[in-house]
Amino acid sequence: MSNWGFVRHSRTSLSLLKTLRFQQKAHLGSTLSSFFFFSTSGEGRAENENPVRPAPPPIRVGITESSGRGVFATRRIGAGELIHTAKPLVSHPSLSTVQWVCYFCLRKIRNGGGDEPQSVRFCSEECEQQAKSFRGVETKADWLAFDDYCRSLGLKYPLLVKRFACMVISGALAADLLDILQPASLSPLMISNMEEGFDLLRSAFKAANFPDERMAFLTKEWYTGVLARIRINAFCIEFAGGLYGDLLLSAAASVEAEAAVGNAVYMLPSFYNHDCDPNAHILWIENVDAKLTALRDVEEGEELRICYIDASMSHDARQTFLSQGFGFHCTCLRCLSGD
């Protein structure tokens with residue numbers, strides 16, 4: 001998620017944005033395509049026909065005048081149209097729901113809950129196979145102290161860092177994968193408070209006797225940097241109910257919602273800027289794969305924006321939430337009108 005205040009004052013971020021703009025056609029497209037599905041499918045093709053590459057979604061990532069990166073429509077998008085879907089870079093279920101959802105895709109599992117308090121479940125063999133990228137590492141370490149630390153303090157983002165670290169150690173992901181995302185601004189006190197989580201994470205890996213060369217990336221700077229990016233780019237996963245046509249009437253998902261089944265970080269959805277009266281919406285139907293849809297007609301060249309929080313909150317509540325949670329003062333038209 002882009003952040004106005006952070007982009008405006010960070011030389012590192014501005015440099016990254018210039019680099020992103022320069023390399024957008026050559027590199028960003030291929031990077032993003034690894035983490036979202038195209039909205040046009042190839043279904044209905046005859047068996048003897050050559051595969052046709054699906055059309056890309058009707059959007060581009062560009063630089064806004066005041067909000068850093070943003071997502072823009074490359075053609076007119078109709079209200080209710082599916083813009084694109086997205087797979088997460090990393091996700092993790094909430095500790096309170098870990099026995100009731102798939103440990104990989106977060107799909108709710110009927111008759112969930114295992115006989116063992118710390119058991120995890122998968123909704124399919126496919127998810128279990130895909131989870132091997134981190135489970136092979138995760139199951140070699142004792143996470144009781146780390147999980148208790150997260151549970152006692154009500155922390156969720158360190159769980160995403162743990163899973164990301166497991167995937168890096170396994171070789172499935174690069175340690176710098178999230179560096180392209182906008183980081184939150186961390187005070188010395190916030191960094192100090194993160195040290196306990198870092199110590200517990202590294203201690204768990206060390207006790208599992210992973211070779212030092214596989215853990216070379218795992219420094220305090222890496223941990224706090226990843227946590228800073230996850231802090232303002234993670235989405236709270238709440239499954240929408242009702243008919244698909246009714247989903248556009250639902251409020252945008254809140255990053256602090258108590259009913260969340262888990263949290264996830266995405267590549268392309270993280271480039272959408274915030275608006276308290278958004279023209280696009282991110283939602284989840286049955287698993288962690290996100291769907292981005294248009295809430296109203298969007299014209300070619302118009303920026304697509306989502307609401308990071310519960311749009312039904314009052315003006316003052318929204319401003320406080322956005323300031324404390326994302327570090328910026330919202331100046332969207334709705335907020336400027338005092339609504």
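Everything numeric in this text was worked out from a predicted model, so none of it was measured. Worth knowing before you read on, the calculation uses all heavy atoms, side chains too, and leaves out hydrogens, waters and symmetry mates.
Listed by chain and number, the residues in a side chain to side chain contact (heavy atoms under 4.5 Å, CB included) with S203 amount to none (sequence neighbours excluded). Listed by chain and residue number, nothing satisfies the side chain to side chain contact (heavy atoms under 4.5 Å, CB included) test with S323 (two or more places apart in sequence, or in another chain). Residues forming a side chain to side chain contact (heavy atoms under 4.5 Å, CB included) with S152 (at least two apart in sequence, or on another chain): none. Residues passing the side chain to side chain contact (heavy atoms under 4.5 Å, CB included) test with A131 are F104, F122, F134, R135, sequence neighbours excluded.
A heavy-atom distance below 4.5 Å is not found between the side chains of D277 and C332. Proximity of Q99 to R121: side-chain heavy atoms (C-beta onward) are nowhere separated by under 4.5 Å. When side chains are defined from C-beta on, L178 counts as touching I230, because their heavy atoms get closer than 4.5 Å. N273 places none of its side-chain heavy atoms less than 4.5 Å from the side chain of V71. Side-chain contact between R318 and H274 is absent, with no heavy-atom pair separated by less than 4.5 Å. Residues L186 and R231 form a side-chain contact, since some pair of their non-hydrogen atoms from C-beta on lies under 4.5 Å apart. Residues D339 and H315 have side chains not in contact (no heavy-atom distance under 4.5 Å, counting atoms from C-beta outward). Using a 4.5 Å heavy-atom cutoff, the side chains of E81 and T293 are not in contact.
Atoms CD1 and CZ, on I237 and F239 in that order, are 7.5 Å from each other to the nearest 0.5 Å. For the atom pair Y272 OH and E303 CD, the distance stands at 10.5 Å (nearest 0.5 Å). Of the inter-residue distances, the one linking I285 atom CD1 with R107 atom CZ reads 11.5 Å to the nearest 0.5 angstrom. We find the CE-CG distance between M194 and L189 to be 10.0 Å, quoted to the nearest 0.5 Å. One distance of note links CG of L322 with SG of C330; it measures 6.0 Å at 0.5 Å rounding. Atoms OG and CG, from S91 and L160 in turn, are 7.5 Å apart once rounded to the nearest 0.5 Å.
Proximity of a side-chain donor or acceptor of S133 to a complementary backbone N or O of M167 within less than 3.5 Å is not detected. The closest donor-acceptor contact from the side chain of T85 to the backbone of K291 lies at 3.5 Å or more, if one exists at all. Put simply, the side chain of R202 gets close to the backbone of L218: a donor and an acceptor are under 3.5 Å apart. Here the side chain of T224 pairs no donor or acceptor atom with the backbone of I191 at under 3.5 angstrom. The closest donor-acceptor contact from the side chain of S187 to the backbone of M190 lies under 3.5 Å. Side-chain N or O atoms of R229 include one that pairs as donor or acceptor with a backbone N or O of L181 at under 3.5 Å.
No more than 12 heavy-atom neighbours from other residues, nucleotides or ligands sit within 6.0 angstrom of CD on E126. Within a 6.0 Å radius of CD in E213, more than 12 heavy atoms belonging to other residues, nucleotides or ligands are found.
D310 and S312 form a side-chain donor-acceptor contact under 3.5 Å, judged by distance and modelled atom types alone.
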Given the rule in the side chain to side chain contact (heavy atoms under 4.5 Å, CB included) test, do V298 and R76 qualify, once you have shown the distances and angles that lead to the verdict? CA-CA 6 Å; V298 178; R76 187 178 187 277; over 6 Å; no

Take L177 and V168, measure what side chain to side chain contact (heavy atoms under 4.5 Å, CB included) needs, and give me the verdict at the end. CA-CA 9 Å; L177 178 66; V168 173; over 6 Å; no

Go through K206 and D212 one step at a time and tell me if the salt bridge (Lys or Arg N to Asp or Glu O under 4.0 Å) criterion holds. CA-CA 8 Å; K206 291 285 287 185; D212 290 340; 3.4 Å; yes

E138 and V120: side chain to side chain contact (heavy atoms under 4.5 Å, CB included), yes or no, with the steps? CA-CA 12 Å; E138 185 182 79; V120 300; 5.8 Å; no

Does the pair D147 and K162 meet the rule for a side chain to side chain contact (heavy atoms under 4.5 Å, CB included), with working shown? CA-CA 10 Å; D147 288 351; K162 180 187 82 171; 3.6 Å; yes

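Cluster annotation: F72 and M267 are assigned to distinct hydrophobic clusters (Ile/Leu/Val/Met/Phe/Trp/Tyr, side-chain heavy-atom contacts under 4.5 Å, transitive). Under the 4.5 Å side-chain heavy-atom criterion for Ile, Leu, Val, Met, Phe, Trp and Tyr, L336 and Y308 are members of distinct hydrophobic clusters. At a threshold of 4.5 Å between side-chain heavy atoms, the hydrophobic network of Ile, Leu, Val, Met, Phe, Trp and Tyr places L173 and F217 in one connected group. Hydrophobic clustering of Ile, Leu, Val, Met, Phe, Trp and Tyr side chains at less than 4.5 Å, counting indirect connections, unites L268 with I180.
Sorted by first and then second residue, the pairs that involve residues 159-186 and meet ring pair (Phe, Tyr, Trp, His ring centres under 6.0 Å), not counting sequence neighbours, are F164-W222. Screening residues 182-207 for ring pair (Phe, Tyr, Trp, His ring centres under 6.0 Å), with sequence neighbours left out, gives W143-F205, F198-Y223, F205-F210.
One finds no salt bridge joining R75 and E300 here, because no Lys/Arg side-chain nitrogen approaches an Asp/Glu carboxylate oxygen to under 4.0 Å.
Contact between G262 and L106 at its shortest, heavy atoms only, is CA-CD1, 4.1 Å. Annotation for L295 and A280: closest pair CD1-O, 3.5 Å, computed over non-hydrogen atoms. Here the closest heavy-atom approach between residue D289 and residue P88 is recorded as OD1-CD, 3.9 Å. Residues R334 and A311 share a closest heavy-atom pair of NH1-O, 2.8 Å. The shortest non-hydrogen separation linking N193 to Y149 is O-OH, 3.9 Å. When all heavy atoms of C150 and L95 are compared, the pair lying nearest together is CB-CD1, 4.1 Å.
V101 pairs with exactly one of S94, C123, P93 by the side chain to side chain contact (heavy atoms under 4.5 Å, CB included) rule, that one being P93.
Below 30°, between 30° and 60°, or above 60°: for F235 and Y266 the angle between ring planes is above 60°, a perpendicular geometry.
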